[in-house]
Trainee: 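Could you have a look at this structure, given as structure tokens, before my questions?
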Amino acid sequence: MAKVIEMNQVSWKREHKTLLHQVSWQVNKGEHWAILGLNGSGKTTLLNMINGYIWPTVGEISVLGHLFGTFDLRELRKSIGWVSTSLQEKLYGSDRTQTVVLSGKFATIGLYDVATPEDHERALQLMNQLGCSHLVDRTYQTCSQGEKQKLLIARALMASPQLLILDEPCNGLDFLSKEMLLASIDELAAQPDAPNILYVTHHTEEILPIFSHTLLIRRGEAFRSGKTEEILESSCLSDFFETPVDVQWRNERAWLSVR
Ligand SMILES: Nc1ncnc2c1ncn2[C@@H]1O[C@H](COP(=O)(O)OP(=O)(O)OP(=O)(O)O)[C@@H](O)[C@H]1O
């Protein structure tokens, strides 16, 4: 089966500290994964590695079939969409929403290339798909946090990525905006041409049924990975958090409480 991510005993060390420790993890084509971990567990470090911004100190990684060290990482990055809060802060507030989405095709902050009529059409279609077509002609800075997240996902999709990384997309959203964004992500994943999605979060209840697999990261180690329903259960998560927790499944989502 074609692999989207293949990590083999990967470690990354900085300043005598091991930030990723012997991580082995495989994502097959067509699988959507959730990555769950507490603050400082190594999630961002892992994403930086998947995007080729850092390289393993030890071990091997290939992404979208390209083994690091044998491929131009700038080319690889064109196939990966990474939606994060830090990206949100870099974009220009005075740009129109559709310009922000269009710029995703060229991976630029601001739009400097000439977009074709087809590009414009695609941007509108993606805004429609993400439920934010009503924002056309508004400036980016006037949009709410939830609207910005949808625009950023549409922007990432402009480049037709094979891998889409959603890095804590529900941060800062009220519970209704969060549910609306999750519904958009659910719909997106159901499209026949959907990219593989990695969804990074601190919260189990954000892990939708489409995320068939989950990776637990703790202190830079892949604590466990596998089918979501086997990972998000009380004894596994109690071991993971080193605190007794109860998991209750409601609407096919796992809600956590401290016992
Ligand atoms: N370049 C670096 N040099 C030294 N330490 C680093 C470096 N980058 C990250 N760290 C440390 O590695 C650990 C993991 O950081 P990382 O940002 O990957 O965590 P995270 O799981 O994304 O956390 P959060 O959920 O809070 O965003 C932290 O203790 C962080 O301070």
Side-chain angles (χ1 to χ4, degrees), residues 4-27 32-61 63 68 73 76-77 80-91 145-146 148-149 152-153 156 163-175 178 181-182 185 196-208 211 213-226 228 231-232 236-243 245 253-256 258:
V4 175
I5 296 172
E6 200 161 13
M7 296 179 79
N8 202 353
Q9 294 284 305
V10 166
S11 296
W12 192 67
K13 297 186 180 135
R14 266 298 164 280
E15 298 161 11
H16 312 294
K17 210 175 146 196
T18 302
L19 301 175
L20 290 179
H21 184 61
Q22 296 183 350
V23 175
S24 292
W25 180 41
Q26 297 196 343
V27 172
H32 303 304
W33 278 73
I35 302 173
L36 183 75
L38 294 175
N39 290 125
S41 54
K43 302 182 296 298
T44 308
T45 308
L46 183 75
L47 298 184
N48 274 321
M49 189 169 283
I50 291 168
N51 282 276
Y53 292 112
I54 59 173
W55 280 40
T57 316
V58 184
E60 270 184 358
I61 172 169
V63 176
F68 282 23
L73 291 165
L76 174 70
R77 282 185 208 126
I80 304 176
W82 186 359
V83 175
S84 65
T85 319
S86 62
L87 169 65
Q88 195 184 103
E89 287 157 4
K90 283 186 201 139
L91 297 170
Q145 186 72 6
K148 282 180 178 164
Q149 289 293 33
L152 289 201
I153 296 175
L163 178 61
L164 176 66
I165 299 172
L166 303 177
D167 190 359
E168 300 178 28
C170 291
N171 259 10
L173 301 195
D174 65 58
F175 87 100
K178 186 196 248 193
L181 182 63
L182 289 175
I185 293 169
N196 286 81
I197 306 177
L198 301 184
Y199 186 98
V200 179
T201 184
H202 301 122
H203 305 290
T204 57
E205 74 276 9
E206 287 176 17
I207 301 177
L208 298 167
F211 296 105
H213 292 74
T214 295
L215 167 68
L216 300 180
I217 297 206
R218 187 176 77 184
R219 297 192 278 273
E221 294 187 32
F223 177 81
R224 207 160 295 171
S225 63
T228 296
I231 299 284
L232 300 187
C236 177
L237 290 186
S238 296
D239 285 350
F240 177 59
F241 289 121
E242 298 168 294
T243 299
V245 293
R253 281 156 65 183
W255 301 78
L256 204 61
V258 177

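In listed order, ligands and their atoms are each counted from 1. The structure presented is a predicted model; accordingly, all values stated were derived computationally and were not measured.
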Trainee: Just wondering, do Tyr53 and Arg77 contact through their side chains at under 4.5 Å, heavy atoms?
Mentor: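 They are in contact (side-chain heavy atoms under 4.5 Å apart), so the answer is yes.
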
Trainee: Answer yes if the side chains of Ser11 and Thr57 hold a donor-acceptor pair under 3.5 Å, and no otherwise.
Mentor: no

Trainee: Using the side chain to side chain donor-acceptor pair (under 3.5 Å) criterion, which residues pair with Arg224? Sequence neighbours excluded.
Mentor: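 None.
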
Trainee: Residues in side chain to side chain donor-acceptor pair (under 3.5 Å) with Thr243, at least two apart?
Mentor: none

Trainee: Considering residues at least two apart in sequence or located in another chain, which fulfil the side-chain contact (heavy atoms from CB on, under 4.5 Å) criterion with Leu256?
Mentor: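 For Leu256, the residues satisfying side-chain contact (heavy atoms from CB on, under 4.5 Å) (neighbours in sequence not counted) are Thr204, Leu237, Phe241, Val245, Val247.
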
Trainee: Which pairs of N or O atoms, one from ligand 1 and one from the protein, are separated by less than 3.5 Å, and what is the distance for each pair?
Mentor:
unit_1   : atom_1 : unit_2 : atom_2 : d
ligand 1 : 18 (O) : Thr44  : N      : 3.4
ligand 1 : 18 (O) : Thr45  : N      : 2.9
ligand 1 : 18 (O) : Thr45  : OG1    : 2.6
ligand 1 : 19 (O) : Gly42  : N      : 3.3
ligand 1 : 21 (O) : Ser41  : N      : 3.1
ligand 1 : 21 (O) : Ser41  : OG     : 3.2
ligand 1 : 21 (O) : Gly42  : N      : 3.0
ligand 1 : 21 (O) : Lys43  : N      : 2.9
ligand 1 : 21 (O) : Lys43  : NZ     : 2.9
ligand 1 : 22 (O) : Thr44  : N      : 2.9
ligand 1 : 22 (O) : Thr44  : OG1    : 2.5
ligand 1 : 23 (O) : Gly40  : N      : 2.7
ligand 1 : 25 (O) : Asn39  : ND2    : 3.4
ligand 1 : 25 (O) : Lys43  : NZ     : 2.7
ligand 1 : 25 (O) : His202 : NE2    : 2.8
ligand 1 : 26 (O) : Asn39  : ND2    : 2.9
ligand 1 : 26 (O) : Gly40  : N      : 3.4
ligand 1 : 29 (O) : Lys17  : NZ     : 3.4

Trainee: Can you confirm whether Glu60 is buried at CD, in the sense that more than 12 heavy atoms of other residues, nucleotides or ligands lie under 6.0 Å from that atom?
Mentor: no

